[in-house]
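One-based numbering, in listed order, for ligands and for the atoms of each. Residue numbers count from 1 along this sequence. In what follows, every heavy atom counts, from backbone to side chain, and hydrogens, waters and symmetry copies are set aside.
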Amino acid sequence: MTTSSTPASQLTLTRPDDWHLHLRDGEALQAVVPHTAAQFARAIVMPNLRPPVTTVQQALAYAQRVRAAVPPGADFEPLMTLYLTDNLDPEEIRRAQANREGGAPAQVVAVKLYPAGATTNSDAGVTDLRKIWPVLEAMQRSGMPLLVHGEVTSPDIDLFDREAAFIDTHLTGLRRDFPDLRIVMEHITTREAAQYVRQAGPNTAATITAHHLLYNRNAIFTGGICPHYYCLPVLKRETHRLALVEAATSGDPHFFLGTDSAPHATHLKEHAQGCAGCYTAHAAIEMYAEAFEAVGALDRLEGFASHHGPDFYRLPRNTGRITLQRQAWQVPGDYAFGQARLTPLRAGQTLPWKLATPV
Ligand code: NCD
Ligand code: ZN
Ligand code: ZN
């Protein structure tokens, strides 16, 4: 007779990093930076501000504003990115690299490609990959990763097919033309993307969000339209969720944690044209733990959350640790967000895991 083993009451991990995060700017920083800094040692900070962060100088100034919002005693380092436009000067890649040298910690570590019009604040994005050839060449030479929002924007491609179409229309060609370019396909949402990354070799990786591991597209429509589950790329069918869970828990080092936590004021989510983005920074590692535990893979969480990301980015792994406790707690209904409110994913719901506050 077998006895079922008692579920673990706590889980200790190397301190994780978030390899895809939106922090916004101004007073929004006070609301969201403390959530991320409580969980993660570092985060790749997305550059889709208005106006976008397109120069090293702007990225460094933004990093200062982010650091100023880190609560006293918290240990958190923002890793900055540049927003790729049709006009980005390849010289900026050199400047970013120069900024890495001399023993100082890396500050601008990657460049983000948004196809024009694909998502929130992406109108300054790239209209044609051929226009950015010299930048991609400079990045390939320097080893700086290109982070990709992988969706085509053509209105005749169904919204649910845009990620798979991007792989065929753009990514395979990019991979062929720049074999040594390091590429991260951000926030993958489909079986096609997971399969692509798995066989694309050592220079291609992907981030996966907690919400795409926990939910399929039914979540957007259950009991009425639920705008807090709307993000881009949009949640997909259950078969895709299962493929993402399989990839994240497989131990394959090309998949790692990126929350894509993307705060928008509650009134702009609950709107006739609601903004895309799920806010998950308040309970990110707890939600990943829930997703991994659901398939009996808690032992794979540390690799995904704390090892694979720094290894791909060629940065040291963190030395600190965090502890999660099996302790049910209720997510607040909302948080302050400047003059507005911010509704987190799972607002008002009970989560099974809780991050222990360091003593
Ligand atoms: C992000 C945002 O709000 O900045 N939204 C989202 O739905 N994921 C942009 C992005 O990552 O595409
Ligand atoms: Zn995106
Ligand atoms: Zn994002």
Report, in ascending order of atom number, the atoms of ligand 1 lying under 4.0 Å from any heavy atom of [X].
| X | value |
| --- | --- |
| Thr119 | 5 (N), 9 (C), 10 (C), 12 (O) |
| Cys231 | 7 (O) |
| His187 | 11 (O), 12 (O) |

Charged tip of Arg182 within 45° of Phe312 ring normal and under 6.0 Å: yes

OG1-NE2 distance between Thr190 and His212, expressed to the nearest 0.5 angstrom: 9.5 Å

Would you say [X] contacts ligand 1, with heavy atoms under 4.0 Å as the rule?
| X | result |
| --- | --- |
| His20 | yes |
| Glu186 | no |
| Lys112 | no |

Aromatic ring pairing His35/Tyr279, orientation class (parallel under 30°, perpendicular over 60°, tilted between): tilted

Lys236 and Glu192 ion-paired at < 4.0 Å: no

Glu246 and Arg198 ion-paired at < 4.0 Å: yes

How far is [atom] from its nearest protein heavy atom, and which residue and atom is that?
| atom | value |
| --- | --- |
| atom 7 (O) of ligand 1 | Leu232 N, 2.7 Å |
| atom 1 (C) of ligand 1 | His22 NE2, 3.6 Å |
| atom 5 (N) of ligand 1 | Ala276 O, 3.1 Å |

Give yes or no for whether the N/O distance cutoff of 3.5 Å, strictly under, is met between [X] and ligand 1.
| X | answer |
| --- | --- |
| Asp260 | yes |
| Ala262 | no |
| Thr120 | yes |

Polar side chain donor-acceptor pair, Glu92 to Thr55, under 3.5 angstrom: no

Test item: side-chain donor near acceptor, Thr14 and Arg317, under 3.5 Å: no

His149/His187 aromatic ring centres below 6.0 Å: yes

Aromatic ring proximity, centroids under 6.0 angstrom, Trp133 and Phe178: yes

Any donor-acceptor N/O pair, Thr172 side chain to Ile167 backbone, under 3.5 Å: yes

Side chain proximity check, Phe304 to Ile208, heavy atoms < 4.5 angstrom: yes

Identified side-chain hydrogen bond (donor to acceptor under 3.5 Å, both in side chains) partner of His20 from the options Asp260, Thr259, Thr81, Thr209: Asp260

Per-residue contact class, Asn121 against ligand 1 - non-hydrogen pairs under 4.0 Å: neither

His211 contact mode with ligand 1 (heavy-atom cut-off under 4.0 Å): neither

Remaining members of the apolar cluster that contains Leu235, side-chain heavy atoms under 4.5 Å: Leu159, Phe160, Leu214, Tyr215, Ile220, Phe221, Ile225, Tyr229, Tyr230, Leu232, Val234, Met287, Trp329, Val331, Leu345, Leu351

Contacts of the Zn ion (ligand 3) with protein N/O/S atoms, counting only those under 2.8 Å: His20 NE2, His22 NE2, Asp260 OD1

